[in-house]
Amino acid sequence: MAGIPAALRRRRSPFIGPRPFTAHDESLFFGRSDEIRLLRGLWRRNRLTILHSDAAAGKTSLLRAGLIPKLRADNANVLPLGRATSCRVWPVAALPGHNPYVLTLLSSWDPEESPGRLAELSIGEFVRGRQTLDSDGEPALIFAAVDQAEAFLRRQEPRKGHRRRLLDELFEALARRPNLRLLLAVRSDYLDDLRHEVKDAGRPECAEYHLRPLTPEAAADVVSRSAQAMRLHFPPAEVEELLEELRAIRDGSGRVSRLTRAIDPLLLQVAGAHLWRDPPAHDHFVSTRLRAEVERALADWCGRTLAAAAAEHELPPRELESWLRRALLQRGSAGPAPPAGITDAFLHSLEDRHLITNARHSAGPDLRRRRLLAPLRRLDAGQWPAPPPDPAALLCAAGRARDAGEPGRAGRLALEAARVCPPKEMRVRADIESLLGNLCYEQRSLDEAIARYLAAATLYEALNDCASVGWILAAVGRISLAQGRRSTAIEHLMAAVSRIPNDPVVRTGLGQALKGGIADQ
């Protein structure tokens, strides 16, 4: 994209880049009016609706910036968008026997509620507590959506029972609450798995909606209206040239072999954000450099994506590049077995980063979009950008490694997060110590778990976060009780109750400690 005058450079970009739209981006969310209208009707009429699409076709954006705001504008009783996985850290020692998937989902539906209260609720009980009445005094519809349902359809052994229980509770809530309208958003390559679960649960009235990529006409409308929202003008011929470049599949010599029929929303945002980032002198695209800049944008995105995945999974970039060329760029060619680091967790990571699809297929994974073939051919692992030292991102990566059943890798990522975390980022430092405490607790290194938890408590205390301090002290108290140190357990649990006096789980822990009789001296 060409540049703009200095006065216009201060304007917000019409492209948000490779992330989902949120409610704050609603003014820039275009091109999906028909989809919003049709899906809103399905969601209202059906107890269960499945929204599916290829990865990065825009399901999350459609829900966050389109459908949910529209329902709220109609005064509907709609919960925030739900997730069964998140980067939030709880001290697991304080929540014995809780289901992490159910707790995470309920916390995303009600971020302000205490984890202790939510941990005591089933999904059905939670939904019952959110009941409201309509203007006629009848129970109003409750709209609840769960995004990225593939996260609890994967077949990994770690936490398999918890994922099973989450599905059971969702379908049980549907059976018991006739006014619940549940929407599950899932990638299309996991659709059959979800259909199987729905069939087993006896939900014959399930409706499905397939969200497709943008047509060239819809994509042109997105670009033009996004520009207008920022008081810019992109000539139609230049918009068409950009979109044709995003549809072009090139062979090894760089010649266009065919054009795709649709525009990938993610690639449109990646290219647009890159072109806007370095503007020359006018508020339009520079056609003479467009192909090179689009290729550069897509190659840079692929490089950053692969570098981040390699770092998270401790894969040497050269090994990953070698596998990538055999498995994706020379698909079908014979070769040695993939490196040991190419695990299911790693492949799911590339799926979640929207680079590959069909990770579980017997023929191996495939590129999510053939348009990425040409940029990937240009990549050199020696030139992949090193992931920035982002402690929050490392913390999330450590949490994913823990969920995947790799505590060693989780611990190394968490320690690296602690190493690069600036002292002023006390919230992230506290969460890192809490996660390290969780890892030590789960590996039965109880004294070290207590030390990590107490370090987290000190940081939360400095932040004036009484609830988090209370939870950490409850965790320390429960560990101390398990070690037979009742007086220490009572001391910490009483301190926890003083911070969060109405939390049922913390009070139950104190009651269990007191029931042990006279505390040891």
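Between the Thr132 side chain and the Ala140 main chain, no donor and acceptor come within less than 3.5 Å of each other. Panel note: side chain Glu433, backbone Ala455; no donor-acceptor pair is recorded below 3.5 Å. Side-chain atoms of Asp147 do not come within 3.5 Å of backbone N or O of Thr60 as any donor-acceptor pair. Using modelled atom types, no side-chain atom of Arg368 and backbone atom of Thr357 make a donor-acceptor pair closer than 3.5 Å. Side chain of Thr305 to backbone of Trp301: a donor-acceptor contact under 3.5 angstrom is found. A donor-acceptor pair under 3.5 Å is absent between the side-chain atoms of Arg402 and the main chain of Leu439, judged by distance alone.
Taking both residues in full, the closest heavy atoms of Arg409 and Glu312 are given as NH1-O, 2.9 Å, listed atom of the first, atom of the second, then distance. Between Trp90 and Ser434 the shortest heavy-atom distance is C-OG, 4.2 Å. The nearest pair of heavy atoms linking Asp503 to Gly116 is OD2-CA, 3.4 Å. When every heavy atom of Asp264 is checked against every heavy atom of Ala56, the shortest pair comes out as OD1-O, 4.2 Å. Residues Leu211 and Ala57 come closest through the heavy atom pair CD2-O, 3.9 Å. Considering all non-hydrogen atoms of both residues, Leu350 and Leu306 come closest at CD2-CD2, 4.3 Å.
With values rounded to the nearest 0.5 angstrom, His354 atom NE2 is found 11.5 Å from Asp54 atom CG. Remark: Ile16 CD1 to Phe21 CZ distance equals 4.0 Å, nearest 0.5 Å. Considering OG of Ser122 and CG of Asn99, their distance stands at 11.5 Å, rounded to 0.5 Å. The distance from the CD1 atom of Ile68 to the CD atom of Glu26 is 11.0 Å, given to the nearest 0.5 Å. One distance of note links OG1 of Thr85 with CZ of Arg163; it measures 11.0 Å at 0.5 Å rounding. A distance of 6.0 Å separates CG in Leu372 from CG in Leu367, rounded to the nearest 0.5 Å.
Between Arg130 and Asp110, at least one side-chain N (NZ, or NE/NH1/NH2) sits under 4.0 Å from a carboxylate O, which counts as a salt bridge. Using a 4.0 Å cut-off between a side-chain N of Lys or Arg and a carboxylate O of Asp or Glu, Glu314 and Arg412 qualify as a salt bridge. Ion pairing between Asp192 and Arg195 holds under the 4.0 Å rule for side-chain N and carboxylate O. Using a cutoff of 4.0 Å between basic side-chain nitrogens and carboxylate oxygens, Arg40 and Asp74 are scored as salt-bridged.
Looking only at side-chain heavy atoms (C-beta outward), Glu208 and Leu191 come within less than 4.5 Å of each other. A 4.5 Å side-chain heavy-atom check between Ser114 and Ile500 finds every atom pair outside the cut-off. Using a 4.5 Å heavy-atom threshold, the side chains of Arg83 and Gln148 count as touching. Side-chain atoms of Leu62 and Phe29, non-hydrogen and from C-beta on, do get closer than 4.5 Å to each other. Using a 4.5 Å heavy-atom cutoff, the side chains of Glu197 and Phe171 are in contact. Two residues are said to be in side-chain contact when any heavy atoms from C-beta on lie closer than 4.5 Å; Arg88 and Ser107 meet this criterion.
Atom CZ of Arg176 has 12 or fewer neighbouring heavy atoms from other residues, nucleotides or ligands inside a 6.0 Å radius. Atom CZ of Arg507 is surrounded by 12 or fewer heavy atoms from other residues, nucleotides or ligands within 6.0 Å.
Scanning for disulfide (SG to SG under 2.5 Å) contacts around Cys396 gives Cys87, with sequence neighbours left out.
Asn179 and Gln131 are linked by a side-chain donor-acceptor pair at a separation below 3.5 angstrom, with hydrogens and angles left out of the test. Side chain to side chain, Asp352 and His348 fail the donor-acceptor criterion of an N or O pair below 3.5 Å.
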Next on the checklist: As a quick check of understanding, evaluate salt bridge (charged side-chain N to carboxylate O under 4.0 Å, His left out) for Arg165 and Glu169, giving each step before the final call.
Outcome noted: CA-CA 6 Å; Arg165 182 59 188 161; Glu169 286 197 23; 3.3 Å; yes
Next on the checklist: One pair to check against salt bridge (charged side-chain N to carboxylate O under 4.0 Å, His left out): Glu491 and Arg485. What are the steps and the verdict?
Outcome noted: CA-CA 10 Å; Glu491 177 186 351; Arg485 299 185 290 134; over 6 Å; no
Checklist entry - Is there a side chain to side chain contact (heavy atoms under 4.5 Å, CB included) between Tyr460 and Trp471 once you walk through the steps? => result CA-CA 10 Å; Tyr460 288 130; Trp471 274 101; over 6 Å; no
Checklist entry - Going through the distances and angles, do Arg212 and Glu35 end up as a side chain to side chain contact (heavy atoms under 4.5 Å, CB included)? => result CA-CA 9 Å; Arg212 301 183 184 277; Glu35 290 86 343; over 6 Å; no
Item to check | Residues Asp25, Arg19; criterion side chain to side chain contact (heavy atoms under 4.5 Å, CB included); working and verdict | outcome: CA-CA 11 Å; Asp25 304 309; Arg19 66 167 176 83; 2.9 Å; yes
Item to check | side chain to side chain contact (heavy atoms under 4.5 Å, CB included) assessment of Arg427 paired with Leu463 | outcome: CA-CA 7 Å; Arg427 171 72 58 184; Leu463 290 164; 4.0 Å; yes
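In this structure, Phe152 has its ring center at least 6.0 angstrom away from the ring center of Tyr101.
Note on ring orientation: taking the six-membered ring where Trp is involved, the planes of His52 and His210 are parallel (angle under 30°, cut-offs 30° and 60°).
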